[in-house]
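Scroll down for the structure; my scribbles are underneath it.
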Amino acid sequence: PLTGRSALSNEDIMRYSRQLLLPQLGVQGQLNLSRTSVLVVGCGGLGCPLAQYLAAAGIGRLGLLDYDEVELSNLHRQVLHGEENQGQAKALSAASAVQRLNSTVECIPYRLQLSPENALQLIQQYDIVADCSDNVPTRYLVNDACVLSGKPLVSASALRMEGQLTVYNYRGGPCYRCLYPVPPPPETVTNCSDGGVLGVVPGIMGCFQALEVLKIASGKSSSCGQQLVMFDAEDARFRSIRLRPKQAGCAACGENPSVTRLLDYEAFCGSAATDKCRKLNVL
Amino acid sequence: PLTGRSALSNEDIMRYSRQLLLPQLGVQGQLNLSRTSVLVVGCGGLGCPLAQYLAAAGIGRLGLLDYDEVELSNLHRQVLHGEENQGQAKALSAASAVQRLNSTVECIPYRLQLSPENALQLIQQYDIVADCSDNVPTRYLVNDACVLSGKPLVSASALRMEGQLTVYNYRGGPCYRCLYPVPPPPETVTNCSDGGVLGVVPGIMGCFQALEVLKIASGKSSSCGQQLVMFDAEDARFRSIRLRPKQAGCAACGENPSVTRLLDYEAFCGSAATDKCRKLNVL
Amino acid sequence: MAASIAIHLEFGGGAELLFDGVKQHRVTLPSQSEPCDLCCLWEIHLTENGVFSHRRPGILVLINDADWELMGELDYQLQDRDNIVFISTLHGG
Amino acid sequence: MAASIAIHLEFGGGAELLFDGVKQHRVTLPSQSEPCDLCCLWEIHLTENGVFSHRRPGILVLINDADWELMGELDYQLQDRDNIVFISTLHGG
Ligand SMILES: [Zn+2]
Ligand SMILES: [Zn+2]
């Protein structure tokens, strides 16, 4: 955790007064937030509302990672970016929007792609990781890096009119690989570029993801470990599913893990770590 | 409905491409959005995310109503406003943030308090009303004005770690008064100034409210008429409740309504139309 | 004599603050000669500490995820394992 | 002979697109001499149109809102009115 603040300033007390009133947070919870760092992997449809509400709530440090630039087709759901930010790096655009909202949050933009080479070194600097990525190889990469460095992973996803959320590698619960030991065949994977998405669906899921991050960061516990929250926007229905426990045979978090360092996840998944073109050309 | 756009421009097609792919929306749904006007009553914790996602999705006209100015204690949940907007009218601050995101949305800020004198004339100019207000008298006022002018009312609320959402006066379903014929005793009402609220809870509820507005505006139907969606953030649980039908004896929408014009709602409720001081001084 | 009935009682929206913030309650209604309706739940378990009265404005009563208005209100005959919720309306935004 | 069993089948996360986008299905398993496990649901109703295979990666099987791993997987004995969900994992963001 971050060191530093041991008491709230008068300005903090004014700014956070409405949430300081909550017995579930209080001064101690607010101080815990200010000492917590969160890495946001992906500043798109999920990462924008997530970063917005984490910053508003007073998280201590926010790492904002995205290799991509803002395009017009992002703006229907990636609400931290404006029309004037087209062509700008999403990580920078998101960071400046977040700073307008709360300049007391330390904001670190990373304009790069998460890779097996940089993931561990980055994730080790944060207390909690939020997976807001848009492709299968990155989801395995983030999972394995969180297992190897012992960080809780708050993971959300959205497509068309549906969303899913789970907290992995948290308090003895399962990791992503416990549930999905084998990646899906690339031809069965649909991404937002192909399948579309209603913008407010990642909006709802990114806010939900922020809620679970805030619970963990404030010192309460998340209720979404070993649980899958499914959202169907068409019939406005949420459903909570009890998941399997951590699997003894899991390649990442099991008793004899075979994943002891990060791999080539594009090769493992047979697809590229982007939502733009779906299949990796196997040369 | 607004007249005007009969086809999507090339820029629209680029901007909305990811949602045009959805069979639930498509080109016709997008055109329907562009012809729909929505009045947002309150630019606070609910109104900010709601306006953000309605604008991003390409709603035609957005009325943004709030009499209040931005304060530091708003910023933990009212994410359209930034630090630099402190002291500015919320309606104006919200409008300029929304315009940065989507300049093709017609945005009309109203820096005023909704009152029995102005409500009907305002609401008659809009197709859908979103109640994002923070006090009991305004909720009855908005309800009665929507019944009198025949507009669907998408209503959300949030307090502490809980949220509620219902669509009133919609397709023969109940209105707010059908459920709550008598206002609650003022001393039993808690508002966000007194009780506090975790910022991301109105975030989730405002996004959910935007989803239901978008369903109605695009020509699909909302699944939240005659239904109450309850959200408990502590255990991350949503629950949907079947509500009573429209009540024949309802004072607003019943068979012999006694509410044939707007009333003095502060007197009716015994409280002021603000969340700042709780009780009306009865002199 | 009807067998005793176990009811799951919940409070929300702030109504739980009348019960020391406890949201979930298990209540067992003793065996009675008459079937028990919601009225007897009120009388036995809610009014005894004086905090609840019938049809208090701003509170919805839910029986198994439905508005009690759909279920016969006070005449509803409680059944074993029923879920009864008292929820305060929220007004904040 | 066991009586016939009615099952509520659901598909989500895109898995419904293999069934013309229909998310909700009602399936009645005919009376059989043996109790029916998930295997026979696969054999009778899902593999006949060739779209589903066992343990397809990226699909979770849920039995009455629990991961099928908790319920014995293919050995789970189906009961009348069970709710079985096949949900594709989403990866978009
Ligand atoms: Zn594992
Ligand atoms: Zn009515």
Side-chain angles (χ1 to χ4, degrees), chain A residues 11 14-22 24-25 49 52-53 56-58 71-79 81-84 100-103 160-161 192-201 203-204 207-208 210-212 214-215 220 222-224 227 229 231 233-238 240, chain B residues 11 14-22 24-25 49 52-53 56-58 71-79 81-84 100-103 160-161 192-201 203-204 207-208 210-212 214-215 220 222-224 227 229 231 233-238 240:
Chain A
E11 191 178 299
M14 278 297 293
R15 183 192 280 266
Y16 305 118
S17 54
R18 297 300 183 271
Q19 65 195 41
L20 289 171
L21 284 169
L22 297 170
Q24 297 91 342
L25 190 71
Q52 196 170 36
Y53 281 97
E71 293 173 24
L72 184 58
S73 66
N74 300 147
L75 299 185
H76 83 115
R77 68 184 191 281
Q78 304 186 13
V79 293
H81 315 302
E83 290 175 354
E84 65 187 7
R100 275 199 300 274
L101 184 56
N102 192 345
S103 60
R160 291 183 281 254
M161 305 273 285
C192 295
S193 306
D194 298 338
V197 62
L198 189 69
V200 74
V201 174
I204 291 170
C207 286
F208 212 131
L211 171 66
E212 297 308 312
L214 290 172
K215 284 184 195 168
K220 313 287 287 187
S222 166
S223 33
C224 299
Q227 196 165 323
V229 177
F231 175 53
E234 253 185 300
D235 52 8
R237 189 166 66 134
F238 274 89
S240 288
Chain B
E11 192 178 299
M14 278 298 293
R15 183 192 280 266
Y16 305 118
S17 54
R18 296 300 183 272
Q19 66 193 41
L20 290 170
L21 284 168
L22 296 169
Q24 297 91 341
L25 188 73
Q52 196 170 35
Y53 281 97
E71 293 173 24
L72 184 58
S73 66
N74 300 147
L75 299 185
H76 83 116
R77 68 185 191 280
Q78 305 186 13
V79 293
H81 315 302
E83 290 174 354
E84 66 185 6
R100 274 200 299 274
L101 185 55
N102 192 344
S103 61
R160 290 184 280 254
M161 303 274 285
C192 295
S193 306
D194 297 338
V197 63
L198 189 70
V200 74
V201 174
I204 291 170
C207 286
F208 212 131
L211 171 66
E212 297 308 311
L214 290 172
K215 285 184 195 168
K220 313 287 288 188
S222 167
S223 34
C224 299
Q227 196 165 323
V229 178
F231 174 53
E234 253 185 301
D235 50 9
R237 190 165 65 134
F238 274 89
S240 288

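Chain letters run A, B, ... following the sequence lines, proteins first and then strands; every chain starts at 1.
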Checklist entry - From A:Met14 CE over to B:Leu75 CG, what is the distance, rounded to the nearest 0.5 angstrom? => result 10.0 Å
Next on the checklist: Please identify, among A:Gly58, A:Cys207, A:Ser240, the residue contributing the most non-hydrogen atom pairs under 4.5 Å to chain B.
Outcome noted: A:Cys207
Next on the checklist: With a 3.5 Å distance limit and no angle check, can you tell me whether B:Lys220 reaches the backbone of A:Glu234 through a side-chain donor-acceptor pair?
Outcome noted: no
Item to check | chain B interface, residue from A:Ser222, A:Cys224, A:Ser103, A:Ala210 that has the most non-hydrogen pairs under 4.5 Å | outcome: A:Ser103
Checklist entry - For the residue pair B:Leu21 and A:Gly196, what are the closest heavy atoms and their distance? => result CD1-N, 3.5 Å
Item to check | Nearest atoms (heavy-atom pairs only) where B:Tyr53 meets A:Gly203 | outcome: OH-CA, 3.3 Å
Item to check | Toward chain B, the part of A:Ser17 with a non-hydrogen atom under 4.5 Å | outcome: side chain
Checklist entry - So what's closer than 4.5 Å to chain A heavy atoms on B:Glu212: side chain, backbone, both or neither? => result side chain
Checklist outcome for this item: Applying a strict 4.5 Å limit to non-hydrogen atoms, the region of B:Asn102 in contact with chain A is both
Checklist entry - So, for A:Glu83 and B:Leu101, which heavy atoms are closest and what is the spacing to 0.1 Å? => result CG-O, 3.5 Å
Next on the checklist: As an exercise: rank B:Gln227, B:Gln78, B:Lys215, B:Met161 by heavy-atom pairs under 4.5 Å with chain A and give me the winner.
Outcome noted: B:Lys215
Checklist entry - What are the two closest non-hydrogen atoms of B:Leu198 and A:Leu211, and how far apart are they? => result CD2-CD1, 3.7 Å
Item to check | Residue part contacting chain A, namely of B:Gln24, when any heavy atom lies under 4.5 Å | outcome: side chain
Item to check | Contact leader toward chain B among A:Gly199, A:Ala233, A:Gly82, A:Ala57, where contacts are heavy-atom pairs under 4.5 Å | outcome: A:Ala233
Next on the checklist: Which label fits B:Phe238 and A:Phe208: parallel for a plane angle under 30°, tilted from 30 to 60°, or perpendicular past 60°?
Outcome noted: tilted
Checklist entry - Okay, side chain of A:Gln19, backbone of B:His76: is any donor-acceptor separation there less than 3.5 Å? => result no
Checklist entry - Which atoms form the tightest heavy-atom contact between B:Ala56 and A:Val79, and what is the distance? => result CB-CG1, 4.1 Å
Next on the checklist: Quick check for you: among B:Arg237, B:Arg100, B:Glu11, B:Arg15, which has the greatest number of heavy-atom pairs under 4.5 Å with chain A?
Outcome noted: B:Arg15
Checklist entry - Any Lys/Arg nitrogen of B:Glu71 or A:Arg18 sitting under 4.0 Å from an Asp/Glu carboxylate oxygen of the other? => result no
Item to check | B:Leu20, part contacting chain A, at a heavy-atom distance under 4.5 Å | outcome: neither
Checklist entry - Can you say whether B:Ser73 sits under 4.5 Å from chain A via the side chain, the backbone, both, or neither, judging by heavy atoms? => result both
